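This is a predicted model, so every value here is computed, not measured.
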Amino acid sequence: MAARPRPVITVLVADDEPVVRVGISAILDAEPDIEVAGQAADGRAAVEAVLALRPTVAIVDIRMPGTDGLAATAHITAAAPATKVIVLTTFGQDDHVFAALRAGAEGFLLKDAPPTRIIDAVRAVARGDAMIDPGVTRLLIDRRAARPPGLTPREIDVLTHVASGLSNVEIAGVLGLSPATVKDHVAALLGKLGVRNRVQAAVAAYDLGFVRPR
(Lines give C-alpha, C1' and ligand atoms only; values in the text may rest on other atoms or scores of the structure.)
Protein backbone atom coordinates (compact mmCIF):
# COMPACT_ATOMS: atom_id res chain seq x y z
CA MET A 1 0.00 0.00 0.00
CA ALA A 2 1.43 3.35 -1.03
CA ALA A 3 2.30 5.77 1.75
CA ARG A 4 0.07 8.81 2.14
CA PRO A 5 1.74 11.95 0.76
CA ARG A 6 3.07 14.28 3.41
CA PRO A 7 0.32 16.83 4.10
CA VAL A 8 1.16 20.43 3.42
CA ILE A 9 -1.86 21.94 5.21
CA THR A 10 -2.61 21.16 8.85
CA VAL A 11 -5.94 22.18 10.34
CA LEU A 12 -7.52 22.62 13.76
CA VAL A 13 -11.32 22.38 13.89
CA ALA A 14 -13.05 24.14 16.81
CA ASP A 15 -16.81 23.83 17.29
CA ASP A 16 -18.89 22.96 20.34
CA GLU A 17 -21.25 20.81 18.26
CA PRO A 18 -19.68 17.34 17.92
CA VAL A 19 -21.54 16.54 14.71
CA VAL A 20 -20.24 19.68 13.00
CA ARG A 21 -16.73 19.31 14.39
CA VAL A 22 -16.36 15.64 13.48
CA GLY A 23 -18.06 16.11 10.12
CA ILE A 24 -15.77 18.92 9.00
CA SER A 25 -12.74 17.00 10.27
CA ALA A 26 -13.74 13.93 8.26
CA ILE A 27 -14.26 15.98 5.10
CA LEU A 28 -10.83 17.61 5.37
CA ASP A 29 -8.92 14.52 6.51
CA ALA A 30 -10.04 12.68 3.38
CA GLU A 31 -8.02 15.10 1.23
CA PRO A 32 -4.43 14.03 0.42
CA ASP A 33 -2.94 17.49 1.02
CA ILE A 34 -4.84 18.25 4.25
CA GLU A 35 -4.47 16.78 7.72
CA VAL A 36 -6.63 17.57 10.74
CA ALA A 37 -4.09 18.05 13.52
CA GLY A 38 -6.64 18.45 16.29
CA GLN A 39 -10.13 19.37 17.43
CA ALA A 40 -11.48 21.64 20.16
CA ALA A 41 -14.93 22.06 21.72
CA ASP A 42 -14.55 25.63 22.99
CA GLY A 43 -12.56 28.79 22.39
CA ARG A 44 -10.06 28.33 25.19
CA ALA A 45 -9.21 24.81 24.04
CA ALA A 46 -8.89 26.11 20.48
CA VAL A 47 -6.32 28.72 21.50
CA GLU A 48 -4.35 26.18 23.55
CA ALA A 49 -4.39 23.69 20.67
CA VAL A 50 -3.20 26.28 18.16
CA LEU A 51 -0.31 27.28 20.41
CA ALA A 52 0.66 23.64 20.87
CA LEU A 53 0.14 22.39 17.31
CA ARG A 54 0.76 25.54 15.22
CA PRO A 55 -1.61 24.44 12.43
CA THR A 56 -1.69 26.14 9.06
CA VAL A 57 -5.40 26.89 9.42
CA ALA A 58 -7.82 27.05 12.34
CA ILE A 59 -11.55 26.72 11.67
CA VAL A 60 -13.36 28.42 14.54
CA ASP A 61 -17.09 28.59 15.25
CA ILE A 62 -18.20 32.08 16.30
CA ARG A 63 -20.48 30.86 19.08
CA MET A 64 -18.87 28.55 21.61
CA PRO A 65 -19.14 28.32 25.41
CA GLY A 66 -16.65 30.09 27.64
CA THR A 67 -14.14 31.84 25.40
CA ASP A 68 -16.18 32.39 22.25
CA GLY A 69 -14.95 32.23 18.68
CA LEU A 70 -14.39 35.97 18.39
CA ALA A 71 -12.13 36.09 21.44
CA ALA A 72 -10.38 32.91 20.32
CA THR A 73 -9.75 34.40 16.87
CA ALA A 74 -8.21 37.52 18.40
CA HIS A 75 -5.97 35.42 20.65
CA ILE A 76 -4.88 33.18 17.78
CA THR A 77 -4.07 35.98 15.35
CA ALA A 78 -2.08 37.78 18.04
CA ALA A 79 -0.18 34.81 19.48
CA ALA A 80 0.15 32.64 16.35
CA PRO A 81 -0.05 34.96 13.32
CA ALA A 82 1.16 32.21 10.97
CA THR A 83 -2.09 30.32 11.61
CA LYS A 84 -4.88 31.55 9.34
CA VAL A 85 -8.36 31.64 10.87
CA ILE A 86 -11.57 30.67 9.08
CA VAL A 87 -14.69 31.63 11.02
CA LEU A 88 -17.89 29.57 10.92
CA THR A 89 -21.05 31.64 11.08
CA THR A 90 -24.78 31.43 10.38
CA PHE A 91 -27.29 33.74 8.71
CA GLY A 92 -28.23 36.76 10.77
CA GLN A 93 -24.84 37.18 12.46
CA ASP A 94 -23.58 40.14 10.40
CA ASP A 95 -22.34 42.00 13.47
CA HIS A 96 -20.25 38.97 14.37
CA VAL A 97 -18.80 38.87 10.87
CA PHE A 98 -17.52 42.42 11.19
CA ALA A 99 -16.18 41.68 14.69
CA ALA A 100 -14.35 38.63 13.35
CA LEU A 101 -12.81 40.77 10.62
CA ARG A 102 -11.50 43.16 13.22
CA ALA A 103 -10.14 40.18 15.15
CA GLY A 104 -8.09 39.14 12.10
CA ALA A 105 -10.05 36.29 10.49
CA GLU A 106 -9.20 35.67 6.84
CA GLY A 107 -11.99 33.35 5.80
CA PHE A 108 -15.72 33.03 6.44
CA LEU A 109 -17.97 30.02 5.92
CA LEU A 110 -21.58 29.31 6.69
CA LYS A 111 -21.95 26.26 8.92
CA ASP A 112 -24.00 24.50 6.24
CA ALA A 113 -21.44 25.12 3.49
CA PRO A 114 -20.98 22.17 1.09
CA PRO A 115 -17.86 20.02 1.53
CA THR A 116 -16.18 21.36 -1.61
CA ARG A 117 -16.47 24.94 -0.33
CA ILE A 118 -14.93 24.00 3.02
CA ILE A 119 -12.00 22.31 1.27
CA ASP A 120 -11.55 25.23 -1.13
CA ALA A 121 -11.60 27.69 1.79
CA VAL A 122 -8.86 25.84 3.66
CA ARG A 123 -6.64 25.72 0.61
CA ALA A 124 -7.32 29.36 -0.25
CA VAL A 125 -6.41 30.85 3.13
CA ALA A 126 -3.44 28.48 3.44
CA ARG A 127 -1.94 30.01 0.30
CA GLY A 128 -2.67 33.54 1.51
CA ASP A 129 -5.93 34.29 -0.30
CA ALA A 130 -9.19 35.46 1.24
CA MET A 131 -12.25 33.21 1.21
CA ILE A 132 -15.74 34.56 1.85
CA ASP A 133 -18.73 32.27 1.47
CA PRO A 134 -21.29 33.84 -0.90
CA GLY A 135 -23.83 33.48 1.88
CA VAL A 136 -21.64 35.52 4.21
CA THR A 137 -21.22 38.16 1.52
CA ARG A 138 -24.98 38.64 1.60
CA LEU A 139 -24.73 39.42 5.30
CA LEU A 140 -22.46 42.40 4.71
CA ILE A 141 -24.34 45.62 5.25
CA ASP A 142 -24.45 48.09 2.38
CA ARG A 143 -23.47 51.21 4.31
CA ARG A 144 -23.56 54.73 2.96
CA ALA A 145 -20.43 55.42 0.95
CA ALA A 146 -17.69 57.18 2.85
CA ARG A 147 -15.08 59.44 1.29
CA PRO A 148 -12.43 57.30 -0.43
CA PRO A 149 -9.18 57.43 1.60
CA GLY A 150 -6.93 58.75 -1.17
CA LEU A 151 -7.16 55.71 -3.42
CA THR A 152 -6.08 56.13 -7.02
CA PRO A 153 -8.45 55.02 -9.81
CA ARG A 154 -6.26 51.98 -10.43
CA GLU A 155 -6.25 51.07 -6.73
CA ILE A 156 -10.05 51.31 -6.74
CA ASP A 157 -10.13 48.95 -9.75
CA VAL A 158 -7.92 46.49 -7.90
CA LEU A 159 -9.97 46.83 -4.71
CA THR A 160 -13.25 46.01 -6.45
CA HIS A 161 -11.71 42.83 -7.88
CA VAL A 162 -10.24 41.90 -4.48
CA ALA A 163 -13.76 42.27 -3.07
CA SER A 164 -14.96 39.85 -5.75
CA GLY A 165 -12.53 37.25 -4.44
CA LEU A 166 -10.06 37.30 -7.34
CA SER A 167 -6.41 36.41 -6.76
CA ASN A 168 -3.57 38.71 -7.81
CA VAL A 169 -2.96 36.60 -10.91
CA GLU A 170 -6.63 36.76 -11.88
CA ILE A 171 -6.77 40.52 -11.31
CA ALA A 172 -3.65 40.94 -13.42
CA GLY A 173 -5.35 39.11 -16.27
CA VAL A 174 -8.50 41.24 -16.06
CA LEU A 175 -6.68 44.58 -15.84
CA GLY A 176 -3.80 43.79 -18.17
CA LEU A 177 -1.15 44.20 -15.48
CA SER A 178 1.64 42.02 -14.18
CA PRO A 179 0.96 40.07 -10.95
CA ALA A 180 3.83 41.97 -9.32
CA THR A 181 2.19 45.29 -10.13
CA VAL A 182 -1.13 44.07 -8.73
CA LYS A 183 0.66 42.95 -5.58
CA ASP A 184 2.10 46.46 -5.19
CA HIS A 185 -1.35 48.01 -5.65
CA VAL A 186 -2.84 45.65 -3.07
CA ALA A 187 -0.13 46.53 -0.56
CA ALA A 188 -0.71 50.25 -1.16
CA LEU A 189 -4.48 50.10 -0.77
CA LEU A 190 -4.21 47.95 2.39
CA GLY A 191 -2.06 50.69 3.89
CA LYS A 192 -4.39 53.50 2.83
CA LEU A 193 -7.45 51.66 4.11
CA GLY A 194 -5.73 50.79 7.38
CA VAL A 195 -6.59 47.10 7.11
CA ARG A 196 -4.43 44.04 7.61
CA ASN A 197 -5.61 41.58 4.95
CA ARG A 198 -7.65 41.08 1.79
CA VAL A 199 -10.82 40.12 3.63
CA GLN A 200 -10.83 43.38 5.56
CA ALA A 201 -10.13 45.22 2.30
CA ALA A 202 -13.16 43.49 0.74
CA VAL A 203 -15.40 44.69 3.55
CA ALA A 204 -13.96 48.19 3.20
CA ALA A 205 -14.97 48.09 -0.47
CA TYR A 206 -18.57 47.49 0.64
CA ASP A 207 -18.35 50.18 3.31
CA LEU A 208 -17.05 52.73 0.79
CA GLY A 209 -19.75 51.89 -1.74
CA PHE A 210 -17.41 50.52 -4.42
CA VAL A 211 -19.18 47.15 -4.32
CA ARG A 212 -22.80 46.37 -3.52
CA PRO A 213 -23.89 43.10 -1.83
CA ARG A 214 -25.67 40.78 -4.20
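- Residues Ile119 and Ile34 meet the side-chain proximity criterion, which asks for heavy atoms closer than 4.5 Å.
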Atom pairs and distances, donor-acceptor, side-chain atoms in residues 17-25, under 3.5 Å, two or more places apart:
unit_1	atom_1	unit_2	atom_2	d
Glu17	OE2	Lys111	NZ	2.9
Arg21	NE	Gln39	OE1	3.2
Arg21	NH1	Asp15	O	2.6
Ser25	OG	Arg21	O	2.8
Ser25	OG	Gln39	NE2	3.3

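- Closest heavy-atom contact between Ile9 and Ala126: CD1-CB, 3.9 Å.
- With contacts defined as side-chain heavy-atom distances shorter than 4.5 Å, the pair Arg154/Leu175 qualifies.
- Side chain of Asp61 to main chain of Met64: no donor-acceptor pair is present (N/O by atom type, distance under 3.5 Å, no hydrogens or angles).
- With hydrogens and angles disregarded, a donor-acceptor distance shorter than 3.5 Å links the side chain of Asp29 to the backbone of Val36.
- When every heavy atom of Ala202 is checked against every heavy atom of Val162, the shortest pair comes out as CB-O, 4.5 Å.
- Closest non-hydrogen pair, Ala163 versus Ala205, comes out as CB-CB, 3.8 Å.
- Of the inter-residue distances, the one linking Thr10 atom OG1 with Leu53 atom CG reads 8.0 Å to the nearest 0.5 angstrom.
- Judged by distance alone, the side chain of Arg198 and the main-chain N or O of Glu106 form no donor-acceptor pair under 3.5 Å.
- With sequence neighbours excluded, the residues forming a side-chain contact (heavy atoms from CB on, under 4.5 Å) with Pro114 are Thr116, Arg117, listed by chain and number.
- No single ILVMFWY cluster, assembled from side-chain heavy atoms under 4.5 Å apart, contains both Leu189 and Val169.
- For the pair Glu31 (side chain) and Leu28 (backbone), a donor-acceptor distance under 3.5 Å is absent.
- Scanning both residues, Asn197 and Leu190, for their nearest heavy atoms gives O-CD2, 3.5 Å.
- When every heavy atom of Thr160 is checked against every heavy atom of Asp157, the shortest pair comes out as OG1-O, 2.7 Å.
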### Message
Could you go through Leu177 and Lys183, starting from their C-alpha distance and side-chain angles, then the distance that decides it, and tell me whether this counts as side chain to side chain contact (heavy atoms under 4.5 Å, CB included)?
### Response
CA-CA 10 Å; Leu177 304 172; Lys183 182 178 179 180; over 6 Å; no
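- We find the CG-CG distance between Asn168 and Asp184 to be 9.5 Å, quoted to the nearest 0.5 Å.
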### Task
For Thr56 and Val11, run side chain to side chain contact (heavy atoms under 4.5 Å, CB included): C-alpha distance rounded to whole Å, both residues' side-chain angles, the deciding distance at 0.1 Å, then the answer.
CA-CA 6 Å; Thr56 312; Val11 181; over 6 Å; no
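- Annotation: Arg123, atom CZ; neighbour count of heavy atoms from other residues, nucleotides and ligands within 6.0 Å is above 12.
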Taking distance alone, no hydrogens or angles, what donor-acceptor pairs closer than 3.5 Å link side-chain atoms of residues 75-88 to residues at least two apart or in another chain?
unit_1	atom_1	unit_2	atom_2	d
Thr77	OG1	Thr73	O	3.0
Thr77	OG1	Ala74	O	3.2
Thr77	OG1	Ala103	O	2.8
Thr83	OG1	Pro55	O	2.7

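- With Glu155 contributing its side chain and Leu151 its backbone, the two residues share no donor-acceptor pair below 3.5 Å.
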### Task
List the steps, then state whether side chain to side chain contact (heavy atoms under 4.5 Å, CB included) holds for Asp16 with Asp42.
CA-CA 6 Å; Asp16 62 318; Asp42 59 58; 5.9 Å; no
### Task
Check the pair Val57, Leu12 against side chain to side chain contact (heavy atoms under 4.5 Å, CB included), reporting the backbone distance first and the verdict last.
CA-CA 6 Å; Val57 177; Leu12 172 81; over 6 Å; no
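- Here the CD1-OG1 distance, from Ile62 to Thr89, works out to 4.0 Å after rounding to the nearest 0.5 Å.
- Among all heavy-atom pairs drawn from Ala41 and Pro65, the shortest one is O-CD, 4.1 Å.
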